[in-house]
Amino acid sequence: MDKFSVSAIRAITAGALAIAAQLMGISAAPAQNLSGLDVYRIISQGVQEASVRGRPATIAVTDRVGNVLAVYQMPGAPVTVTVNSGRTVRTGIDGLAGVIPSTMAAISKAVTGAYLSSSGNAFSTRTASQIVQRNFNPLEVLGAGGPLFGVQFSQLPCSDLNRRFVNAALPPPPDQFRGPKRAPLGLSADTGGLPLYIGGVVVGGVGVLADGVYGLDTDVSNIDADEDEIIAIAASTGYAPPADIVASRITVDGKTLRFTDARPASLAATPHLAPAVNPAGFVAVTGYTDGGILAGQSYGATGSGVRAINPAMDGPGYANVANIAGFTPFILSSGPDAPLFPLVAGASNEGQSLTAAEVPVILGHALRVASSARAQIRRPLQSFAQVTVSIVDAEGQVLAQARTPDAPIFGIDVSLQKARSAAFMSRRDAAANLQSPGVFPAIRVVANAINGLIPQHAYSVPDYVQNMRAFVGPGALSDGMAYSVRAIGNLARPYYPDGVNVNGNGPLSRPVADWSPFSTGLQFDLVVPNIINHVLFVRNLNLDVTGDGRGDFDPDGNGAVNDTGFGCTPVVSNSSGLNPLANGLQIFAGSSPIYKNGVLVGAIGVSGDGIDQDDMVAFLGLHNAAIGLGTGVSHAPAAIRADQIVAAGVRLRYVSCPFSPFINSNEQRACEGK
Amino acid sequence: MRVVGLSGNIKIGFAIAMGLVACALPVYAQQLTVAGTQLAPVVLSSPAAGLIEKQIVMAGDVAQATHLVVQFAGVPALMRDRQGVYQPWDLDPAHLADNGFTPSGDQLTFKVFNQDLSDKNFPMRVTLYYRANGELKFGYFDVMRVN
């Protein structure tokens with residue numbers, strides 16, 4: 001045996017031991033939660049800092065699964081925000097002033113801090129700002145778009161996955177505090193949202209809105225003195241993440257992420273000396289909190305809605321997922337304590353379908369790949385990737401979902417968005433569904449409303465089909481080509497190819513002059529009616545655009561505005577009548593459509609680590625499962641994958657896997673030829 | 001455009017903004033079509049008294065069969081059979097159970113639920129279908145609980 005082989009074996013052995021240690025350690029992770037006293041302390045620390053600075057603030061605290069534990073609004077705090085990307089764009093909700101409540105912004109910021117973080121990484125809304133812009137880093141000419149480009153339109157208030165708050169005055173369902181809960185404006189990139197930790201375990205997030213602006217940081221080359229962020233630092237004192245896992249200890253593509261520009265030394269007051277606050281400041285927010293203080297749920301316990309698979313309770317399908325994965329994954333739970341997504345077979349498409357026996361094999365193999373994948377965004381080094389994996393059928397209906405135990409919460413919704421997006425865009429009737437006239441008139445009223453608020457915004461979902469056909473070819477979205485979300489993302493950037501700042505936009509994006517993180521293109525235009533509806537609901541702004549004497553979202557005429565309904569987007573499948581994009585379109589990588597005997601039968605979506613890692617878990621997970629199954633399940637035939645498309649002289653990408661992808665081997669090019 | 005039941009300053013701000021709206025279309029449909037329509041949502045003040053019915057206009061169509069599908073968060077789509085029992089649907093329209101609802105004049109009433117819905121996750125989506133002249137027409141509405 002030569003020296004290389006010995007060192008390789010040592011590396012493999014060390015990697016295997018590292019995996020075993022991590023899996024054993026994670027299964028024993030302690031449950032932690034915020035008590036009501038913790039929530040009060042966080043609020044009072046923030047209020048004190050804001051008072052000393054003379055910047056009255058709105059402060060929200062959530063637990064890890066998004067339950068709003070309290071919202072506090074100081075006298076004189078801005079009641080509404082101005083949305084401002086810093087780009088003087090006036091499409092989408094960019095530039096919208098005096099409409100969106102500060103409470104909604106603060107909650108979204110708190111949710112973002114909680115949902116992006118884990119015991120291996122602590123990310124803030126400043127981190128989010130850095131990774132959602134049109135270049136990464138922002139302003140870096142020829143830098144491709146942020147790795148999580150589009151993640152701001154996840155956890156949406158219309159998502160069919162994310163749960164909703166139930167007012168305590170009503171008979172509560174038995175699972176009322178189970179998450180993940182929705183974020184009122186989606187995820188936030190406005191600095192001033194931080195995760196909260198106890199004993200190294202993320203227990204929630206805090207969001208602060210004092211400056212009246214809901215925006216993002218367009219320049220990461222300087223150090224900001226951001227009032228929202230400084231107040232959030234004060235609020236989170238005593239609940240800070242371990243120093244080794246903050247974003248500034250983590251690199252992506254060789255670029256160091258940012259956690260916060262504020263430091264404890266920036267504080268004007270001493271947090272632990274914070275006095276009691278006026279209880280009148282605790283406010284109700286329709287759809288989120290009734291104005292009291294709640295204790296947070298312990299992540300991993302049944303009450304949180306996210307728990308380990310119990311083979312005896314959850315059925316043989318999920319037991320098989322655990323067997324194949326090699327560890328005990330977590331799932332969402334509902335009702336008494338059953339899987340929220342019971343493992344089921346997929347609908348038939350052109351005579352082919354995923355069976356209930358095939359679904360757990362695909363899910364288990366994907367999680368198995370994750371457990372040996374070298375994490376991009378986690379500390380310490382040699383950690384494996386922690387992700388959520390979703391499987392859907394060709395109609396976008398959920399067949400199963402499971403996750404590694406410490407995966408960030410945001411991936412629960414995003415992995416499902418990715419799976420649905422890949423399945424939907426690969427269907428032969430994608431164009432027809434996007435152009436269907438039947439479902440659009442009802443929500444066009446809302447579109448008119450936003451047009452009135454922001455006259456430059458043109459609402460034109462069907463136009464994106466024409467854009468695609470002019471750009472990609474006349475058969476686009478009806479020719480049966482297989483689109484991964486990476487390929488969709490290539491087409492949904494304000495520069496094509498991605499990051500080349502002198503070029504025009506992709507066909508699913510707004511032109512760069514009209515583009516901003518608050519107005520991305522098809523992704524945003526599919527959900528803008530839901531978002532505006534939800535803002536009107538939270539404010540109980542009972543608009544009557546139609547002039548029929550009753551509110552447009554108050555069909556029963558009782559004076560109360562209805563919330564946005566079941567599922568995002570007005571799209572319905574021509575074949576089933578169901579919504580195939582019920583939690584919105586996603587446009588950053590981590591998915592593969594699934595085929596069986598050459599026919600589209602569904603898709604797999606992965607989210608939680610770096611996008612190349614997510615992509616690899618989806619791609620290799622499906623590949624390995626296909627080999628094991630031998631039932632005709634496979635990737636799309638190479639001839640119909642989106643990387644066969646050359647548009648404007650540039651080939652689309654189908655999948656991109658990382659260098660040195662595994663922690664237990666030296667294998668490279670893991671996805672090549674598959 | 002009106003703003004219903006709001007304080008004065010909010011009314012004025014929105015009235016100015018909405019003044020740019022040139023025309024507005026009807027908000028919710030009352031008929032089903034082959035492309036699908038959005039029907040007015042239903043808001044339950046008490047899920048314990050979960051009586052849900054939906055009346056649609058047939059516009060001269062003669063329904064040969066009527067179908068009804070319900071979706072809750074996380075639950076596979078459920079179809080209603082003629083006895084009012086819900087069971088999983090494989091998403092194949094050919095397999096939808098006929099509910100046998102009959103029109104009254106030009107109106108057809110779909111009976112969705114009449115049971116305690118307290119333990120259900122809201123919102124839910126209800127999709128209504130009927131077959132007429134060889135075509136499957138459908139529309140959907142959402143059911144929410146007041147909050």
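Protein chains get the first letters and strands the later ones, always in sequence-line order, with residue 1 at the start of each. Everything numeric here is computed off the predicted structure, so don't read it as measured data.
If you measure heavy-atom distances from M144(B) to chain A, the contacts under 4.5 Å come from the side chain alone. Of the two parts of D160(A), only the backbone, made up of N, CA, C and O, holds a non-hydrogen atom closer than 4.5 Å to a non-hydrogen atom of chain B. With a 4.5 angstrom heavy-atom cutoff, V69(B) touches chain A only via side-chain atoms. For A73(B), the parts sitting under 4.5 Å from any heavy atom of chain A are the backbone and the side chain alike.
Residues of residues 56-66 of chain B never come within less than 4.5 angstrom of chain A, heavy atom to heavy atom. Contacts from residues 84-106 of chain B to chain A, taken as heavy-atom pairs separated by less than 4.5 Å, involve W89(B), D90(B), L91(B), P93(B) in sequence order.
Put simply, the side chain of Y140(B) does not reach to within 4.5 Å of the side chain of L578(A), judged on heavy atoms. Between Q397(A) and Q71(B), the closest side-chain pair of non-hydrogen atoms falls below 4.5 Å.
Note that CZ of F72(B) is 9.5 Å distant from CZ of F566(A), once rounded to the nearest 0.5 Å.
Closest heavy-atom contact between G567(A) and R125(B): O-NH2, 4.5 Å. Between R163(A) and N121(B), the closest heavy-atom pair is NH1-OD1, 4.1 Å. Closest heavy-atom contact between N562(A) and P41(B): ND2-CG, 3.5 Å.
Side-chain atoms of Y129(B) come within 3.5 Å of backbone atoms of S576(A) as a donor-acceptor pair (strictly under, hydrogens ignored).
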